[in-house]
Every structure is written in structure tokens, then in C-alpha cells.
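Heads up, the thing below is written out as C-alpha cells.
Within every chain, numbering begins at 1; the chains are lettered A, B, ... in the order of the sequence lines, protein sequences first and strands thereafter.
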There are 2 protein chains.
Amino acid sequence: MTKTKTDKSVTALPLNTILDGDCIEAMNALPANSIDLIFADPPYNLQLRGDLHRPDNSRVDAVDDHWDQFDSFKVYDQFTRAWLKAARRLLKPDGALWVIGSYHNVFRMGAELQNQGYWILNDVVWRKSNPMPNFRGKRFTNAHETLIWASKSEGAKYTFNYEALKALNDGVQMRSDWVIPICNGGERLKDENGDKAHPTQKPEALLHRILVGTTNPGDVVLDPFFGTGTTGAVAKMLGRDFIGIEREESYRKVAEKRLSRIRKFDKSALEVTASKRAEPRVPFGQLVERGMLRPGEVLTSMNGKQAKVRADGTLIGDGIKGSIHQVGAHLEGAPSCNGWTYWCIRRDGKSVPIDIFRQQIRAEMNN
Amino acid sequence: MTKTKTDKSVTALPLNTILDGDCIEAMNALPANSIDLIFADPPYNLQLRGDLHRPDNSRVDAVDDHWDQFDSFKVYDQFTRAWLKAARRLLKPDGALWVIGSYHNVFRMGAELQNQGYWILNDVVWRKSNPMPNFRGKRFTNAHETLIWASKSEGAKYTFNYEALKALNDGVQMRSDWVIPICNGGERLKDENGDKAHPTQKPEALLHRILVGTTNPGDVVLDPFFGTGTTGAVAKMLGRDFIGIEREESYRKVAEKRLSRIRKFDKSALEVTASKRAEPRVPFGQLVERGMLRPGEVLTSMNGKQAKVRADGTLIGDGIKGSIHQVGAHLEGAPSCNGWTYWCIRRDGKSVPIDIFRQQIRAEMNN
DNA sequence: CCACTACATGAATCAGGGG
DNA sequence: TCCCCTGATTCATGTAGTG
């Protein structure tokens, strides 16, 4: 069985630790197909940040070099190609990836994602409620950053906790634009001098939404640009395992301290609103077998259509025999129909959808 | 002097007309360095599979037009490279370009822009106030599109009417996220059958903001994918000259008719952007995401009822899971309940209603 | 003319399991 | 791998129709 093999590799993962070193080398040292979710916040700007390395791990001395624009994009693209490739190897077939960036780098990441066969599921806009204004008045206030959510390949069965996200949004479907404040106040980590410990610390609210929405408890989340460990902190709170990779010792130290203070939330608090799709399937025939419905009884739709129950759990209506769904679809001239909510029956003088019998059976199954 | 030369080419421009034909050929036939602003809404290269139905079984009218079909990313990239190159030749040295796209194509456009030496000034998010929902509940609602604003090259003196934009935005600096409804109602052009004349007509409010903000009266605005002529219509209203290129005769005809009716400085166009500020809705889930409340914390009502917070912003109390309002109503045996004032939490030794957190978030949002 | 209900529709990469 | 069947799933607007 593959289970043993999977268990072995999972056991081999350095769970809930921060790995030192170059993110590409560190990723290549981990087992393939072992990660459920990757969140990556790579360096944006190779001109200003000194932490960019070529794929061969030689250091790019950005300050002294005088590349023209094209050359510097070329180097950035090589870097992007290398780490996205390493990330893709690590993902389980149904795993997914989030990246975040600004207009300086996000277009290059998005194009490379598509070139490598990742399948974009959404681009998401983090709309900052308190961005820094444009002081010189020469451009629009840079009030957002862009995230890309992608599965490993087209057709993969990625995790999406639709109902939980809808609950987070007061019962309305979650949109692709998220209003979240930038990280400051008590959440913003400071170093011993009182300066910010990391220039681009991401807010925990952002990771909370990502991890609640696109992972399950017990999943393994990798962050190859760990920084001060927001991904790890939220993963730990939410009962997910994390792996961080960070080459700067000062960031690792801050992150270690931060993580040691985090406590996991109650198990019961981590359960989120489940989708109906997760419920066990109940064949309509069971309702007949159990005597909840009798062969010969007549079902009625809200708009007055009728069909008769047969002993084998099929219906006959308008001369057509078939499942509750097929007969309903036929009567409506529709491509499909959910017979459970379409058909009603009279009970105690009231017309009730047959779905209540299914709920009754499911309730018994849970006892 | 170059002035004479410039005047000659400007005179030669086919101002305020719609050119027939392929956009690249048509652009190459125009004089170099002659255009102030280009607005481009190219095909998005949507890759749709089967039909999509709404939950009520009605079919979604998808963008399946022949002009949006490309065989591969490679073919799409060649197309993008060619038209962006032709566009750049046309721009005056201080001219600028706007492109709009979705995650299907915008990353490829953005990367190619940078490769060609365009200098990105902002990416701007058009947040749709009324987008189409995600009917199957498999992804986030696709609620935005992305625009990129770029000058012809780094260091160019692009046009940016800072004060005009600030005035449009109630005296506050204009941000990079714009809330504008999709184009429907009376503005949406219909054909003789009453169907939409173009599948992707852009709202005039979007072009209004772009042209007021990044052109001056008398400037020449080119739209190489003219469609039904929103760019031309708004340009004419605002006293800018336009050149449209459109190869589909049916779109050209609709655009001609539309433009003939437009009068300069149409007052109604100016009213479109007037913003109204209502009290923003704050989902309870945001309190959890932001760490104001922790999953597992216990909320208490004034009369001693209790419930526990879950990670997705729902509560569990008395075995019932649901929103703060639903659980409150259940515990009280009432038909409804305002959870914001019903539930309290202990902070600093005192019991405070959770509504104070909502007020706090609203205060941040109004800043 | 107003109030109310019903219906239509928008740039969409929109399912998953069993046989 | 393919086919077949079950059955889950929507928000904001604008317009038309009814009383």
C-alpha cells in the first residue's frame, strides 16, 4: 500500500521547525509530494534588498552591479523559476500554493506559475485599510498587494472550505478582495532597539483566512521565506503543522521566540462549518426500505408537478421512470435537478421536502 | 526644431475615427511618438471548459467569442509582445499606457510590459460592487479585474492630475483600488435583438477616472481594442481626441452610433463617480481573524448564557452552531437576536459587548 | 404613481464518486 | 480512463409585471 510510504515520508519531515539556509537547497532536501500547502512571500525588489541569490547560490551583489533593467529581470526570473520548481516538487498532487507580491514582481511570478503548469484558482487582492500614502502625490496610493492561489496542476482536488469562509464573511460568499489592516501595533515584532524586526511582516489575519480556507487541521504548511514566522504562528494556533525556511539568523531568532509563545486553539474551536458535500451519501431507496415513504405514494414539487414512488426507489412521472433527480430534471426541462429539495410530501397536513428524511437518517448515522 | 515635425504628424492622425482592421497593422500605419495615452482591453484568453449553470438552472452566457481563442500561452504571448511593441512606438516620450485584464492574462501582460522597457507606475484594482458570484462554491468570487498603468520608460514625465483625482475621491488621495459597478442598465448597449452588443463592455466610470487622472484636454487617446467604444465616448465627453481600432464590423457600427450621440462635457458622466459612504458592514469573522477574539474564547450574555468562538467566526453554544445572531436567538428562544449587543466578553476585568470591536474596526476604515 | 414581487444576468479557467 | 449518476450551488442590480 502507498499508505506506509506516505507515512514514512511524513515522519521524515522536519515538522514545526525552522530550517536554516537557502530556500531552494532546503526545499530540494525535503521529500517530494509531501506538502499540503505552500505560502510564499518572496523578496520583491532585488535592487533594494540584499538577500537575493542566483540558483547556483552565488550571491547577487545588487548594490554594486549596474545591470540594465532587462538583466536584472532576467536574474529575478531565474530565481523565481528555481524556487517555484522546487516548491512544485514538494507539493502533494492535490496540494496548493499561495504567493504574495506587488507590481514589482507579481506579474513575473504569475507568468512563471502558469508556465510551470500550476493552475491559477484565483488572484486575491489584499486591500490595506491603512496603507502608507503617496507622499509626493505623483501616483495612486499603493493600497493593495496581490496574492495568487494555484493548485499543482489543472484538475487537482484542492482544499477549499467554502462554508467556513462564507461564515467568516457573515454568511456571504467570500470575494477575491480582502480588506485587512497592515501589521502594526502589538502584533508588529520589534528588535532589541525597538525597531521593526522585519520590513514586511504580514498580518496574522491574512494567514488566518488562507489557512482556515485552504487547509485542514493536521495539514503540513511550508513557508520557504519564513521571515519572522507569521505563517508558522498562525499554523500552530490553528492546529496545522508548519515547516519554515529562513536564511537570516536574526529573523529565525525572532520567529523562534514568537513561536514558543503561541498556543494551539481548542480542538472544538478549530472545527469549522462543513460543506454538505462532506456528508455521507444516502440512497433515496433507503427511505422506501425503511418505510419512511411507501411505494405508490405521490410526491409533489413546489410548482405542482407530481410523481409516484416505486418499490425500487425510482419514481414514475409524466411517463418517465428514473431517479428522483432524473424525473425532476425531466419535468422541469432542466439539465439537472436536486430531487432531495425538489420533491415534497404531505405529512401531518403540511408539505415537507423529502430531504428531512435524509437528514433524519444522517442524524442516526452520527449517533 | 522638432515642433514642426510633431505638428505635422499630429495633423496626419485620423482623429476621432474608428479604424477597421488588425490592431497591430493599424498601429504600425500610424506615425511614431504621436499618442498621449493608450487604453487597451485586449482579449483575456479565458480558458473555459463546459457550460456553467446557475443554481436555478439558467445557463451563464459565457465569453466564447472567436476573438478570445488562443491555442497556447506561447501564441498569446506572441500576440501580446507584438501589440505592446506597436503601442510603444506610437507613444510620445511622456505618454502612458493602461491595460486591463484578469488573472488569465494580466501576469503575462505585466511581465512583457516590463521586458519591453515600459515603467510600471501603479497596478490598480477595479473592485466590482456587483460581480457575478461563484455558482459552484469552488473558489472565491471573482470580484475584481486588474489594470496596469505604465509610462513609456523610466523617468518619463507622465501626466497625473493629482488634485483632480483627490477631488473625485472626496478630498482624499486616490488609492490603487477603485470600487465601480459593472456596466449594466441603461449604459449597457444592446443589439437589435435586445442582447448585449458586446460581451465585455467596460463602464464609463472606469474610463472617466483614467482620462481625468492621466490625460489633459486635447490629448490624443488611442484604444487598439475599441469594441463598442467606451474609451471614445468618454474621451469625447471630456474633450480629448480619440482613435479607435476595431476589426469586428458589428462592434464598429454600434460604436459609431454611440459616439454620434455623445456631446462634450456631458454632465451625467461626471456624476457617475460621486461616491456615497455608508456605514460599512463588518463581518464578525474579522474579529477572529484579527485576533480581537480568539477561537475557543467564551462569550457571555447579560443573562448568563454562554457560547464558544470557533475559527471560522461561528459560535457553538448549547450544542448549536451558527452565527452570533443565530446562536443568541436559539438560546433566547427568540426569532432573532442582535449578536453584536447580546454577546459580551471579559476584558480588563470588565464585561464588554463585542460591538466595541466592531466600532474599532469601523473607526480604522474611516481613516 | 407607488409598493411589491418575479425574473433576468454579469470576462467563469466552477464536481466528484462509483462502476 | 471513461462513462454515468448523484446532487450541490448565487449576489447585486435592473427591469418588467401586478395590484
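Heavy atoms of A/Asn338 sit under 4.0 angstrom from at least one base atom. As judged by a 4.0 angstrom heavy-atom cut-off over every strand, B/Cys183 is placed among residues making no nucleic acid contact. Nucleic acid contact class of B/Pro42 (heavy atoms, under 4.0 Å, all strands): base. Backbone-only contact: B/Asp61 has heavy atoms under 4.0 Å from sugar-phosphate atoms and none from a base. Base contact: A/Ser336 has a heavy atom under 4.0 Å from a base atom. If you check every strand for non-hydrogen atoms under 4.0 Å, B/Pro131 touches a base. Using a 4.0 Å heavy-atom distance criterion, A/Gln326 is classed as a sugar-phosphate-only contact. Using a 4.0 Å heavy-atom distance criterion, B/Arg59 is classed as making no nucleic acid contact. Contact annotation for A/Tyr162: backbone-only contact, meaning every heavy-atom pair under 4.0 Å involves sugar-phosphate atoms and none involves a base.
Comparing C/dC14, D/dG7, C/dG10 against the side chain of A/Trp340 picks out D/dG7 as the nearest. Across C/dT13, C/dA11, C/dC14, the shortest atom-to-atom separation from the side chain of B/Val63 is found for C/dA11. When the nucleotides D/dA8, C/dA12, C/dG10 are ranked by their closest atom to the side chain of B/Val60, C/dA12 comes out on top. Checking D/dT6, D/dC11, D/dT9 against the side-chain heavy atoms of B/Pro133 singles out D/dC11 as nearest. For B/Ile182, taking side-chain heavy atoms from C-beta onward, the closest of the listed nucleotides C/dA12, C/dA11, D/dA12 is C/dA11. Checking C/dC14, C/dT13, C/dA11 against every side-chain atom of B/Lys202, the shortest atom distance belongs to C/dA11. For B/Ala62, counting side-chain heavy atoms from C-beta on, the closest listed nucleotide (C/dA12, D/dG7, C/dT13) is C/dA12.
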- Message: In dot-bracket form, 5' to 3', how is DNA chain D paired? Count Watson-Crick and G-U wobble pairs only if both distances fall under 3.5 Å, and write | where the partner sits on another strand.
- Response: .|||||....|||||||||
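Nucleotide C/dT13 is shown with a syn base, its glycosidic torsion being within 90° of 0.
With rounding to whole Å, B/Phe135 atom CZ is found 14 Å from C/dA8 atom P. At whole-Å resolution of the value, CG in B/Asn130 and P in D/dT10 are 18 Å apart. Here the P atom of nucleotide D/dA12 and the CG atom of A/Asp177 are 12 Å apart, to the nearest Å. As a whole-Å value, the separation of B/His144 NE2 from C/dA12 P is 13 Å. With rounding to whole Å, B/Asp51 atom CG is found 12 Å from C/dC14 atom P. Residue A/Asn303 contributes atom CG, which lies 11 Å from atom P of C/dC7 at whole-angstrom precision.
The only member of B/Thr231, B/Thr230, B/Asp41 that meets side-chain hydrogen bond (donor to acceptor under 3.5 Å, both in side chains) when paired with B/Lys202 is B/Asp41.
The CH2 atom of A/Trp343 sits 7.5 Å away from the SG atom of A/Cys337 when rounded to the nearest 0.5 Å.
The ring of A/His144 has its center no closer than 6.0 angstrom to the ring center of B/Trp126. In summary, the aromatic rings of B/Phe225 and B/Phe39 are positioned with their centroids too far apart to meet the 6.0 Å limit. Aromatic pair B/Phe70/B/Phe79: ring centres closer than 6.0 Å.
Both A/Arg175 and A/Val282 lie close to DNA chain D; mapped to their nearest nucleotides by heavy-atom distance, the more 5′-ward contact belongs to A/Val282. In terms of position on DNA chain C, the residue among B/Lys138 and B/Asp56 whose nearest nucleotide sits closer to the 5' end is B/Asp56.
When the P atom is used for both D/dA8 and C/dG10, the distance is 28 Å, rounded to whole Å. Across the P atoms, C/dT13 and D/dC4 are found 28 Å apart, a figure rounded to whole Å. Comparing the P positions of C/dG19 and D/dG7 gives an interatomic distance of 14 Å, to the nearest angstrom. Distance check on atom C1': D/dT10 versus C/dT9 gives 12 Å, rounded to whole Å. Using C1' as the reference atom, D/dC11 and C/dC14 are 16 Å apart when rounded to the nearest Å.
Near-neighbour residues of DNA chain C inside residues 106-127 of chain A, defined by a heavy atom below 4.0 Å, number-ordered: A/Trp119, A/Ile120.
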Give me, pair by pair, the N or O atoms of the protein and of nucleotides 14-17 of chain D that are less than 3.5 Å apart, along with how far apart they are.
none

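Salt-bridge check for A/Arg358 with A/Glu279: failed, with every basic side-chain N at 4.0 Å or more from each acidic carboxylate O. The pair A/Asp94-A/Lys157 does not meet the salt-bridge criterion, since no charged nitrogen lies less than 4.0 angstrom from a carboxylate oxygen. Checked for salt-bridge contact, B/Glu289 and A/Arg209 meet the test: a charged N lies under 4.0 Å from a carboxylate O.
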- Task: Dump the intermediate steps for salt bridge (charged side-chain N to carboxylate O under 4.0 Å, His left out) on A/Asp177 and B/Arg127, then the final yes or no.
- Result: CA-CA 7 Å; A/Asp177 53 328; B/Arg127 303 173 67 208; 2.8 Å; yes
- Item | CA sep, side-chain torsions, deciding dist, call: A/Trp98, A/Trp149, ring pair (Phe, Tyr, Trp, His ring centres under 6.0 Å) | CA-CA 5 Å; A/Trp98 284 87; A/Trp149 175 43; 5.6 Å; yes
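Relative ring orientation between B/Tyr251 and B/Trp67 is described as perpendicular, the plane-to-plane angle rising above 60° on a 0-90° scale split at 30° and 60°.
Residue-to-nucleotide contacts include a donor-acceptor pair under 3.5 Å from the side chain of B/Arg54 to the base of C/dG10. You won't find any donor-acceptor pair under 3.5 Å spanning the side chain of A/Ser275 and the base of D/dA8, going by distance alone. Between the side chain of A/Arg277 and the base of D/dT6, no donor-acceptor pair of N or O atoms lies under 3.5 Å.
When the shell of 6.0 Å around CZ of B/Arg281 is examined, it contains more than 12 heavy atoms from other residues, nucleotides or ligands.
When only modelled atom types and interatomic distance are considered, A/Glu332 and A/Asn303 share a side-chain donor-acceptor pair under 3.5 Å.
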